[in-house]
Protein chains: 2
Amino acid sequence: MDSAVARERVLDAAEELFYGRGIQSVGMDAVRGASGVSLKRLYQLFPAKEQLVEAYLERRDERWRGRLAAHVEREADPERRILAVFDWLAEWFGEEGFRGCAWINSYGELGATSDRVVAQVRAHKRAFGDYLASLVADAGRPAALAAPLFLLAEGAMVTAGITGSTRPAAEARDAARLLLESR
Amino acid sequence: MDSAVARERVLDAAEELFYGRGIQSVGMDAVRGASGVSLKRLYQLFPAKEQLVEAYLERRDERWRGRLAAHVEREADPERRILAVFDWLAEWFGEEGFRGCAWINSYGELGATSDRVVAQVRAHKRAFGDYLASLVADAGRPAALAAPLFLLAEGAMVTAGITGSTRPAAEARDAARLLLESR
DNA sequence: TTGACGTGAGAACGGGCGTTCTCCTACGGT
DNA sequence: ACCGTAGGAGAACGCCCGTTCTCACGTCAA
């Protein structure tokens with residue numbers, strides 16, 4: 001099996017397991033079993049579990065932001081694009097197996113013990129914040145709007161994860177609309 | 001040593017360790033060492049670690065909401081009381097050793113594996129949401145205002161934890177003020 | 001054909017940790 | 001004084017898990 005293929009299979013398995021059950025409760029042996037890649041190859045590809053975790057967060061970040069951007073770009077009006085972010089959150093929250101934000105969860109799990117995980121989480125959140133800021137700028141709105149929109153989105157992710165409801169997305173969207181109208 | 005005293009010492013130690021380093025990375029032996037309560041008594045008081053975790057979250061919930069309410073009640077004007085919540089968040093975020101919301105972190109760490117922890121987290125968040133709703137009602141404002149205020153607060157907690165900054169509290173406060181003014 | 005090499009399966013190693021057990025000491029009631 | 005009980009210190013037990021090692025097998029170059 002090609003090395004690149006093995007890598008993908010490992011990351012696919014790791015993502016499903018880490019996101020669904022938490023990182024610490026998933027052993028390398030479970031990743032081996034779910035991916036079909038032997039332990040030996042697994043350790044050649046990722047010399048330690050922490051590096052697999054890093055790669056998992058990194059690839060998920062690319063995909064997550066890609067999916068968000070793809071959804072937002074289907075909307076032409078720059079103002080509505082901002083609200084489309086919250087529509088996409090609603091879709092995401094409603095997906096089978098949704099269990100909150102992977103980065104917020106990872107921070108809760110490993111924030112105190114792994115600097116590299118913290119760096120990944122910060123990078124992801126900064127990228128998401130920057131993206132929101134770019135949408136605000138494209139709509140010709142004051143830059144100060146980006147921060148509250150970001151907080152609403154984060155609050156919605158956390159709350160949707162904990163309560164298992166998609167409602168926070170709609171609530172955040174309503175609040176975002178009010179903020180947009182008030183300035 | 002009195003049983004009640006031992007219990008308090010254990011919970012004090014557990015809270016400091018669990019909050020500061022994460023729950024899974026703190027062994028019962030560390031709790032013993034930090035509390036000065038022997039393993040035997042520790043297991044008499046809390047027959048399993050999960051029950052200690054539950055008790056930790058429960059006691060912290062009482063104290064956390066107590067501190068918040070005490071701060072809010074220093075403000076007489078019911079409208080300003082709502083904003084006082086965010087002022088208190090700023091104080092909290094600035095405390096030495098602040099590392100985000102204990103319940104959000106616990107959910108990230110154990111949400112997938114411990115139903116009892118999930119129940120604690122939900123109970124805490126519901127209580128906080130209900131408290132916000134009561135402040136909104138006392139101010140004679142539409143009940144629909146409570147949800148966005150809650151999301152702003154949650155987003156601020158998460159963001160302050162991850163970035164280590166107190167700024168999200170001020171940003172959330174500003175957004176809350178705008179929402180209050182717009183309705 | 002042969003031999004070096006990569007690989008897979010799974011055992012093995014080392015350490016950590018939740019929980020229990022052992023043993024010893026101290027003390028309180030009679 | 002004696003005995004039963006509680007408690008402390010820490011060893012011990014099981015189990016899990018990250019990581020490495022063993023060994024047998026297949027492959028490909030010379």
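Numbered from 1 within each chain, the chains take letters A, B, ... in sequence-line order.
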Rounding to an integer number of Å, can you tell me how far [X] [atom1] sits from [N] [atom2]?
X	N	atom1	atom2	answer
B:L45	C:dT19	CG	P	14 Å
B:D2	D:dG7	CG	P	11 Å
A:R32	C:dT7	CZ	C1'	14 Å

- Item | With A:R126 via side-chain hydrogen bond (donor to acceptor under 3.5 Å, both in side chains) - residues at least two apart |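 Partners of A:R126 under the side-chain hydrogen bond (donor to acceptor under 3.5 Å, both in side chains) test: none.
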- Message: At less than 4.0 Å, is any side-chain N or O atom of A:Q44 found next to OP1 or OP2 of C:dT7? Yes or no.
- Response: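 Affirmative; the distance criterion is met.
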- Query: What pairs meet the salt bridge (Lys or Arg N to Asp or Glu O under 4.0 Å) rule with one or both residues in residues 153-167 of chain B, with sequence neighbours excluded?
  - Reply: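 Listed once each, the pairs are B:K125-B:E154, B:R167-B:E171.
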- Item | 4.5 Å side-chain heavy-atom contact, A:E54 and A:F46 |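 No, too far: nothing below the 4.5 Å cut-off.
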- Regarding A:R65 and the six-membered ring of A:Y131, is the cationic atom NZ or CZ under 6.0 Å from the ring centre and inside 45° of its axis?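 Judged by the rule, A:R65 and A:Y131 form no cation-pi pair.
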- In terms of side-chain geometry, is the basic nitrogen of A:D12 or A:R59 positioned less than 4.0 Å from the acidic oxygen of its partner?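 A salt bridge links A:D12 with A:R59.
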- For every nucleotide of nucleotides 13-20 of chain D, 5' to 3': is a protein heavy atom under 4.0 Å from its base (B), only from its sugar-phosphate (S), or from neither (-)? -----SBB
- Item | Ring centre gap for A:F128 and A:W64 strictly below 6.0 Å |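 Yes, close enough.
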